[in-house]
Amino acid sequence: MHVDLVGGYYDAGDNVKFGFPMAFTTTMLSWSVIEFGGLMKGELQNAKQAIRWATDYLLKATAHPDTIYVQVGDAKQDHSCWERPEDMDTPRSVFKIDKNSPGSDVAGETAAALAAASLVFRRSDPTYSKLLARRAIRVFQFADKYRGPYSNGLKKVVCPFYCSYSGYQDELLWGAAWLHRATRNPTYLNYIQVNGQILGAAEFDNTFGWDNKHVGARILLSKAFLVQRLKSLHDYKGHADNFICSLIPGAPFSSAQYTPGGLLFKMSDSNMQYVTSTSFLLLTYAKYLTSAHQVVNCGGTRVTPKRLRTIAKKQVDYLLGDNPLKMSYMVGYGPRYPQRIHHRGSSLPSVANHPAKIQCSAGFNFMKSQSPNPNILVGAVIGGPDQKDRFPDQRSDYEQSEPATYINAPLVGALTYLAHSFGQL
């Protein structure tokens, strides 16, 4: 298609570049730095480098007006091989959205990612920051003007992998919220006030992840009310409180499920992404509440910022090994961690040890083997245990054993806070 799409990230254990989860990962890494970058010390440069690797790619993917290149690689063909990225010979087909085949969800998320990242680089690289902000504005206009879910036009290639199940309204609200924060342009505040309800601001969906951004938008917009005293966004404090109340065990509106060992459990397929994203939101909201001297009110039950931090810490502690199996779900961390993760590069011998090409189907011998992965993917967080705290550690079990960028990204902010502000819990 005569476009340079070198760079970016594979989302998980395969060799496809999916733009939707990649953009969300970028937004969450950026939000982690925006809220907690001051505590990152020597790691701040690494965080910025990781964000820039993504935004450089997103700038390429949005280089043509009213067009976004949203995927590189054919997932079905990719999944029929088990190959190292170095050996990869599956088709690098390119898929895009444009005026005729819109995708307000992936476009809205891309705008959010570019806007959030523009805040990260505002001081250290003002020129790059301005470029990101300008592109975010253009991409959001496209998302809003040509409305539709990207999985309509691209159903064959993006479903069932990253189908947009929650619609695109949440991404329009989320994108506008980030542009409001990044540009301070009153147009976006006005957009949120006029469209918030239509875009589902008050909906009672309490899931936050690569597909559904409603809760994240509520927490983000509540800051403008709590900290900047923007009275017109008063409702978002209530919407954010509803989410918090849904998580508090024993509170009047509690709806969250926890495993017997205490892990938040949303769904069997890579559940840990909801644990990391929820922990991040709890710590971030606790920060906003603290600076505004406010609490959450759950039908007469007062919930303090300290309580939110305690819940978040319990989730992160579970993830790192304080659980019935005494298993850390972060690879390479602690005495016991997953050995057979669902990840090509980790499970196949390295090029240093096996210089010859490993063909498409030959790789499945390694996939099916019971041996531990030869290459330890240090720091990767995987899907995690089931509803009863069980974890079989099987490579073929992608629901529990596959790592993903969007599981790790929100954890960066949560770990930063917990590592450096532990005494303030």
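Shown here for Cys163 and Asp211, the closest heavy-atom pair between the two residues is O-OD1, 4.1 Å. Nearest heavy atoms, Asp205 versus Val215: O-CG2, 3.3 Å. Smallest separation of non-hydrogen atoms from Gly379 and Asn408: O-ND2, 2.9 Å.
Aromatic ring centres of Phe24 and Tyr406 lie farther apart than the 6.0 Å criterion allows. In this structure, Tyr162 has its ring center closer than 6.0 angstrom to the ring center of Phe18. Taking the centre of each ring, Tyr191 and Phe140 come in below the 6.0 Å mark. Checked against a 6.0 Å centroid threshold, the rings of Tyr150 and Phe20 count as neighbours. Under the 6.0 Å cut-off for aromatic ring centres, Trp82 and His342 qualify, their centroids lying closer than that. Aromatic pair Phe208/Trp174: ring centres closer than 6.0 Å.
Note on Lys357 versus Asp89: salt bridge recorded, some NZ/NE/NH1/NH2 to OD/OE distance being below 4.0 Å. In summary, Arg344 and Glu83 do not engage in a salt bridge, as defined by a charged side-chain N under 4.0 Å from a carboxylate O. The pair Asp241-Lys237 counts as a salt bridge, with a side-chain nitrogen and a carboxylate oxygen less than 4.0 angstrom apart. The pair Arg340-Glu402 does not count as a salt bridge, with every side-chain nitrogen at least 4.0 angstrom from each carboxylate oxygen.
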Candidate pair Asp87 and Arg84, rule salt bridge (Lys or Arg N to Asp or Glu O under 4.0 Å), full reasoning: CA-CA 5 Å; Asp87 291 336; Arg84 303 182 288 203; 2.9 Å; yes
Candidate pair Arg181 and Leu119, rule side-chain contact (heavy atoms from CB on, under 4.5 Å), full reasoning: CA-CA 9 Å; Arg181 184 147 173 189; Leu119 288 163; 3.9 Å; yes
Working for ring-ring contact (aromatic ring centres under 6.0 Å, His included), residues His64 and Tyr69: CA-CA 9 Å; His64 300 154; Tyr69 298 93; 5.7 Å; yes
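Neither side chain, Ser401 nor Asp397, offers a donor N or O lying under 3.5 Å from an acceptor on the other.
Taken to the nearest 0.5 Å, the CG atom of Leu44 stands 11.5 Å off from the CD atom of Gln49. Between the OG1 atom in Thr278 and the CD atom in Gln273 there is a gap of 9.5 Å [rounded to 0.5 Å]. Asp105 CG to Asn212 CG: the interatomic distance, rounded to the nearest 0.5 Å, is 11.5 Å. Rounding to the nearest 0.5 angstrom, the gap separating the CD atom in Gln193 from the OH atom in Tyr188 is 15.0 Å. Taken from NE2 in His180 to CG in Leu230, the straight-line distance is 5.0 Å, to the nearest 0.5 Å.
Using cut-offs of 30° and 60° on the angle between ring planes, the pair Trp178 and Trp31 is perpendicular.
A cation-pi contact links Arg52 to Tyr128, judged by a cut-off of 6.0 Å to the six-membered ring centre and 45° from its axis. Figure legend: Lys313 and Tyr318 shown without cation-pi pairing, the cationic atom not lying both under 6.0 angstrom from the six-membered ring centre and within 45 degrees of its axis.
Looking at Asp98 and Tyr146, their side chains never come closer than 4.5 Å, going by heavy atoms from C-beta outward. Side-chain contact between Leu154 and Val70 is present, with heavy atoms from C-beta onward closer than 4.5 Å.
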